[in-house]
Protein chains: 2
Amino acid sequence: MRSGSLALTNIGQLVTNDPSREGLLGVVADAGVIVIDGIISWVGAAADLPETPDVIDCDGAAVVPGFVDPHTHLAFAGDRADEFGRRLRGESYEEIMAAGGGIRSTVAATRAATTGDLTSATLDRARRMQAAGTTTVEVKSGYGLDLEHEKRLLAVAAAAGSAIALDVVPTFLGAHTVPPEFAGDADGFVDHLVEVVLPECAPLARFCDVFCDKGVFTVDQARRVLLAGKEHGLLPRLHANQLARSGGVQLAVELGAMSADHLDHLADEDIAALSAAETVAVLLPGVSFSLRLPQARGRDLWDAGVTVALGTDCNPGTSHIETMPFVIALACLEMGLTPEEALWSATRGGALALGLEDRGHIIPGARGDLVVLAHTSYVHLAYRPDAPPVAKVIKRGLRV
Amino acid sequence: MRSGSLALTNIGQLVTNDPSREGLLGVVADAGVIVIDGIISWVGAAADLPETPDVIDCDGAAVVPGFVDPHTHLAFAGDRADEFGRRLRGESYEEIMAAGGGIRSTVAATRAATTGDLTSATLDRARRMQAAGTTTVEVKSGYGLDLEHEKRLLAVAAAAGSAIALDVVPTFLGAHTVPPEFAGDADGFVDHLVEVVLPECAPLARFCDVFCDKGVFTVDQARRVLLAGKEHGLLPRLHANQLARSGGVQLAVELGAMSADHLDHLADEDIAALSAAETVAVLLPGVSFSLRLPQARGRDLWDAGVTVALGTDCNPGTSHIETMPFVIALACLEMGLTPEEALWSATRGGALALGLEDRGHIIPGARGDLVVLAHTSYVHLAYRPDAPPVAKVIKRGLRV
């Protein structure tokens, strides 16, 4: 698809995530990489780099795989700064809802926005994500909640991604909350989703997601939506156990979901269930940080052998965070992951959470998605939380 | 000094910190400001703005006073990412010291750096601070620890500030740690500081600071340095109670110190002592965030009526943080301040901590240091911790 070749040389520290190399990150010192037609074709010692025309000298800097952010709500209009301020001043969730806050305020703003404004706001966020090293991002619908607006969100997400060569993986999250027109009738809304909305949105999405939690959608409602999604070719993933031990983990495992996300309320048996399954645990430390809540048990999930991924959960209500280096810093400083575990989870973990075998690592045959850091060590990603140490972002072998 | 005038109009939300106006922040809606010759000359409703030649239309954005960062170690060479990574992997402080970490590794790197490299590194950090809205920054020496290198650090800090029109307030912190050449002889080092180093550094500084804490300098040693500083015209400020209840608060109050900084270990009686004094409490939430420690009792200090300021403590070991918006976010999310308290502390609080009556507020007669935000509300400063919402920085009436 892309033509031409690009080589990187004098990479002080190349993070490959190659399990055939040493350590979790498979670091190669003094390395070089060649990308041909968008695909990594060679990885090795800089001294052995074959002759190539277009070479970037990294001057000793670290190079890591492009970040894969597996959980975002990137496409929305408006903001919820007012709600955020009220929360910090001590108002309760009920008071905030009464003042017009919560997901539904974003649904109203998103439905009311012109497609031009919605695309422009989404694109601005996508650009900041990309500038900080994200090369693949999952984007959920879920602020439309009817056929017209759910389709529009998926189209807007795709348009934003293709405008800047950022790979967008679309997820249908029609079951994000019950919209006002179905107030008090969640089952009726699920009927409508399954019969009317999902069939027409499915061709625009790859995954189906449900906010399965206390006060949102029940396990039975979530199962119904996810099974309907499967019938339309959408793989299941799940907002699980964010607000309570709501049975989301067990449903995710039962359905073979690609990921179970959030996981703020986990008993030991939930961790055991995840460690016996293939489902990836997607952790979103920006949410707990932004809500002043305890972090999910990321350390315990790692230690139990669960595959962990990290995401921004970029959304206007609970995590207005766009950049993966900041998420890595939070995962280290607030969740107790090591810099190595956090970086792996932000790259290879994210790719596995999205079922994308071809990225999140730097090995021959993988996508040529790489980030050249502004420093000699990837530890800088966590070390300087307000200065993302990204010098160059390379997408499919081309500098973006 | 500066000539010409500048007006801002269509300010949706002007944070004045003017106590004659309503609320802590004295917010004026739909406001305008005029700066003449670097000094604010008029504040009022945009509709009443007198005719002026050079007008910036803020298009409804919020405008706040320039941030005053009252505690940094901006001038240093090298980094301590390796030490940071070791800490996250579970190594103890003793192991890290044995591996060459700690303040002394920065002293060695700073002494070894050329003046050009030291200035360049300092200037890079200063630029990022300024781009995020800091218009006045305190900078401490303390990585030189001998006459030649302490003088050089103060000169480098001044040079970095004047290169970019960032006001640098210099502090002599010769008593930051005991250098290798005085190992085991802290009293001998204090003699040397007081007799040799301080007299020659004093003309380059405004304040004198000491790291008075468990395992560093005792209260008696700190008193000796600070009193000597006073004799040379330097006002005292103090690293106090960071590592333990070490008596630093009582010493700060006894000497009428301008500020007591860190304050991570406070008993109720320490808070009472501060609330009965004029000494400003300078809180540095980036440190506890970076070290995975509990935050200082910022909420309790506010509630006790203590004047609180916020700073970055920018340094390579314990808080590699440069931007005040991120510090505001941490103060809200980790320390429990409201967005209003955090913003006041990052502007007027910082000015009071440095004894600078002429800034940190937007009133006629104050310095024309202002930050135009990229949003309509100052709450965005805390709401989006990885995207400092700064559109324009204005220093003494000139856009930087």
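Quick caveat: nothing in here was measured; it's all calculated off a predicted structure.
For the pair A:Tyr383 (side chain) and B:Gly317 (backbone), a donor-acceptor distance under 3.5 Å is absent. A donor-acceptor pair under 3.5 Å is formed between the side chain of B:Asp386 and the backbone N or O of A:Thr323.
Both the backbone and the side chain of A:Glu334 come within contact range of chain B, each with at least one heavy atom under 4.5 Å from a heavy atom of that chain. Using a 4.5 Å cut-off between heavy atoms, A:Arg89 touches chain B through backbone and side chain atoms alike. Residue A:Ala387 touches chain B through its side chain alone, counting heavy-atom pairs closer than 4.5 Å. A:Pro325 does not touch chain B: none of its heavy atoms, backbone or side chain, sits under 4.5 Å away.
For residues 63-76 of chain B, an interface with chain A (any heavy-atom pair closer than 4.5 Å) does not exist. Contacts between residues 291-305 of chain B and chain A, counted as heavy-atom pairs separated by less than 4.5 Å, involve B:Arg292. Contact residues of residues 79-87 of chain B toward chain A are B:Asp79, B:Arg80, B:Ala81, B:Phe84, B:Gly85 (heavy-atom distance under 4.5 Å).
The most heavy-atom pairs under 4.5 Å with chain B, out of A:Leu337, A:Leu333, A:Thr338, A:Val327, come from A:Leu333. Heavy-atom pairs under 4.5 Å with chain B were tallied for A:Ser377, A:Ala382, A:Ala132; the largest tally goes to A:Ala382.
Residues passing the ring-ring contact (aromatic ring centres under 6.0 Å, His included) test with A:Phe289, sequence neighbours excluded: A:Phe326.
Using a 4.5 Å heavy-atom threshold, the side chains of B:His320 and A:His380 count as separate.
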